[in-house]
Amino acid sequence: MASFPAVLRSEWTKIRSVRSTVWTLALAFVVTVGIGALLSLLTNNNFTEFRRNEQSPFDATGTAFAGIMLGELAIIVFGVLAIGNEYSSGMIRVTLAAVPQRTTLLGGKATVLGGLALAVSLVTAFVTFFVGQALLGSHSTSLGEPHVLRAVFGAALYLTMLCLFSAGVTTMLHNQTLALGVLVPFFFLLSPILSAVPKVKTLAHYFPDYAGSRMLLVYEQHGQPYGPWAGFLICLAWTAAALAGGALVLKKRDA
Amino acid sequence: MIELHELTKRYGKTLAVDRLSFTVPRGVVTGFLGPNGAGKSTTMRMILDLDRPTGGRVTIDGKRYEQLSEPLKYIGALLEAKAVHPGRTARDHLLWLAQSNRIPERRVDEVLALVGLTPVGRKRARGFSLGMGQRLGIASALLGDPEIVMFDEPVNGLDPEGILWIRNLMKRLAGEGRTVFVSSHLMSEMAVTADHLVVIGRGRLLADMPMPEFIRRNSRSAVRLRTPEPERLLDVLAGAGLRHEAGPDGSYEVVDGDLARLGELAAANGLVLHELSPQQASLEEAFMQMTADSVEYHAGDGPGRDAAGAPGTWGAGWQADGARHTAAARQEEN
């Protein structure tokens, strides 16, 4: 059997030695923090106007995380590229010749990918939160308020799980371009649109992004089908299913 | 030692590899020869467990590939020239490979030097030429200092200097006692590098024998005679008890004839000769004859002399009977 620590070291070298991974992760950070900061600033400056007809309590955490819907795209692209570039370059055959135990290989890849995504997501989530709160001035909240800390950690877990979900789907499709072509429109267009369509939205509420993003909510929303922890579990189930599907395809298929 | 037993691969209706059994002997260069589409690459991918066989099995030193822990230390392979992430440096590419099989990092610099890529080790693979890509692929094959190396069409698309380099490298590796298994669709290339030969066509085994035996069986030598007095020549030959065959352009050929003896015979009989020359069928012709029925797509014409003799290191120019028969058979098919 291939040594798992050796696979981890090798996969870490792969990830750090190409620029695309660094860029996509940097983009995820900048976009999430930047848009959150911008919206927090605008909200603070126009607070009464923005809140005129609102009944629900003001969610200072959610305002800071306004950029996460775009930031998640960057981390999805990161997940796709980290797996997909092996297929686009034909390197997968070199990799599998070196580590023929395919499940071990995917386990190593997912560990390194997930670990790096989690580290970057945690930094992103906390920086986004603190920058946002600083700009919200008197309307800001703090980590000590109920559910806020859970929401910040939830944001990091959400990004990490979407990254691993994308990595799993890319392994299943074994094609980088196809994976990008399926995942980006799905998360950017299809899922948000379907979540707004009556009837269909009951189904769309069980998609990984909608479910995972429940973890970011500090206040219960009207008509919310389930709470943050159920959302976490649903998103986790999707991620596990995608990786298991990827492992199955990788194991069965000719490379 | 690589052993194939009844190895079979089917893609839908196409049988790419058909109950292939042979052994790659230890410590020599084995040429794996076949026309394009014969199933060479598929076989090599199955040896590395990249493609899963439909039937049969492959073992390396008695083990299935998947059972090898750190397989790069047993067998190193070059399948495609540029199976490298374009944005990664040559050194980093070798580094992750080394780490995956717990090969010490200094070995990375050793193989870079061995293939002459040290000056571009920290350059990204994007800018590499085909030849440099090939060298990088060979560096990764040698990384684990393996007993067995396997190269798939290593000279394809290389310039003469690159071809020479790879030839010498393979001979050197075999000289170090390693097993070298190399595929090619060019007989002429194999003739100068291989000690042992495995020929396949349409996924089936056509020949598996040492190179000298293949040469002995497949390259007949003959002496060609041309004279303005053909009737007298035939009488003289018959008188000496020599069998002859008709050669091209009204010449005659004596198979396995002795050049000196035939010259003396002509002189003794006062026979005028316009040509007295040794002929040897090229191995290329023998190979084409052997695989003719298994080539997937025939060109419009039969195997012309140009095609047969082009890279001939083995003295072309003498169209073997077989080649003529094949050409005739092919015309009938059409």
Side-chain angles (χ1 to χ4, degrees), chain A residues 1-25 77-78 80-109 111-113 174 176 248-255, chain B residues 9 11 16 41-42 44-54 64-103 105 108 122 124-126 136-137 140-141 143-144 150 152:
Chain A
M1 283 297 287
S3 133
F4 194 65
V7 174
L8 290 183
R9 279 192 73 197
S10 158
E11 289 300 325
W12 171 245
T13 300
K14 273 188 197 168
I15 271 202
R16 64 158 185 77
S17 62
V18 290
R19 286 187 186 137
S20 57
T21 50
V22 181
W23 280 112
T24 44
L25 287 175
V77 172
F78 165 71
V80 171
L81 291 187
I83 301 276
N85 68 40
E86 295 240 5
Y87 291 97
S88 63
S89 64
M91 207 176 81
I92 186 72
R93 283 181 281 278
V94 181
T95 298
L96 289 176
V99 186
Q101 296 81 18
R102 299 188 180 187
T103 317
T104 312
L105 175 77
L106 189 63
K109 271 190 183 301
T111 308
V112 169
L113 205 61
H174 45 82
Q176 175 166 295
L248 208 65
V249 171
L250 188 65
K251 218 167 158 48
K252 293 272 174 227
R253 200 176 160 275
D254 288 346
Chain B
K9 180 69 180 181
Y11 296 108
S41 298
T42 307
M44 286 188 154
R45 284 200 304 272
M46 285 195 285
I47 291 174
L48 297 177
D49 199 31
L50 296 173
D51 284 11
R52 269 59 198 281
T54 314
R64 283 189 297 113
Y65 193 84
E66 207 194 352
Q67 293 172 323
L68 299 174
S69 65
E70 298 166 355
L72 298 184
K73 294 175 181 174
Y74 287 85
I75 175 168
L78 164 75
L79 293 188
E80 299 143 277
K82 291 202 87 178
V84 181
H85 189 292
R88 190 174 283 127
T89 67
R91 201 180 176 285
D92 281 336
H93 177 74
L94 294 171
L95 182 61
W96 74 254
L97 258 179
Q99 287 169 337
S100 71
N101 277 239
R102 291 192 292 193
I103 296 161
E105 193 175 333
V108 169
R122 295 188 189 274
R124 294 180 195 275
R126 183 176 289 117
L136 181 56
S140 28
L143 197 58
M150 188 164 86
D152 191 9

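The chains referred to below are lettered A, B, ... by the order of the sequence lines, with proteins before strands, and numbering in each begins at 1.
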Heavy-atom donor-acceptor pair, A:Gln101 side chain to B:Glu66 backbone, under 3.5 Å:
yes
Hey, which of [options] has the most heavy atom pairs under 4.5 Å with chain B?
{"options": "A:Val99, A:Val94, A:Val7", "value": "A:Val94"}
{"options": "A:Ser17, A:Gly108, A:Pro5, A:Ser88", "value": "A:Ser17"}
{"options": "A:Lys14, A:Arg16, A:Arg9", "value": "A:Lys14"}

Might you point out which heavy atoms bring [X] and [Y] nearest each other, and give the distance in Å?
{"X": "A:Ala97", "Y": "B:Pro71", "answer": "O-CG, 3.3 Å"}
{"X": "A:Gly90", "Y": "B:Ala83", "answer": "O-CB, 3.5 Å"}
{"X": "A:Ser3", "Y": "B:Arg102", "answer": "CB-CZ, 3.8 Å"}
{"X": "A:Ala98", "Y": "B:Leu97", "answer": "CB-CD2, 3.6 Å"}

Is it the backbone or the side chain of B:Tyr11 that comes under 4.5 Å from a heavy atom of chain A, or both, or neither?
side chain
Toward chain A: residues of residues 88-96 of chain B with heavy atoms under 4.5 Å:
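Heavy-atom contacts from residues 88-96 of chain B to chain A are B:Arg88, B:Asp92, B:His93, B:Leu95, B:Trp96.
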Report the distance from atom [atom1] of [X] to atom [atom2] of [Y], rounding to the nearest 0.5 Å.
{"X": "B:Glu80", "Y": "A:Ser89", "atom1": "CD", "atom2": "OG", "result": "9.0 Å"}
{"X": "B:Lys82", "Y": "A:Met91", "atom1": "NZ", "atom2": "CE", "result": "14.0 Å"}
{"X": "A:Lys251", "Y": "B:Arg52", "atom1": "NZ", "atom2": "CZ", "result": "6.5 Å"}

Of the backbone (N, CA, C, O) and the side chain (C-beta and beyond), which part of A:Arg253 lies under 4.5 Å from a heavy atom of chain B, both, or neither?
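Only the backbone of A:Arg253 comes within 4.5 Å of chain B.
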Quick one: of B:Leu50, B:Leu72, B:Leu48, B:Asp49, who has the most non-hydrogen atom pairs under 4.5 Å with chain A?
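Max contact count across the listed options: B:Leu50.
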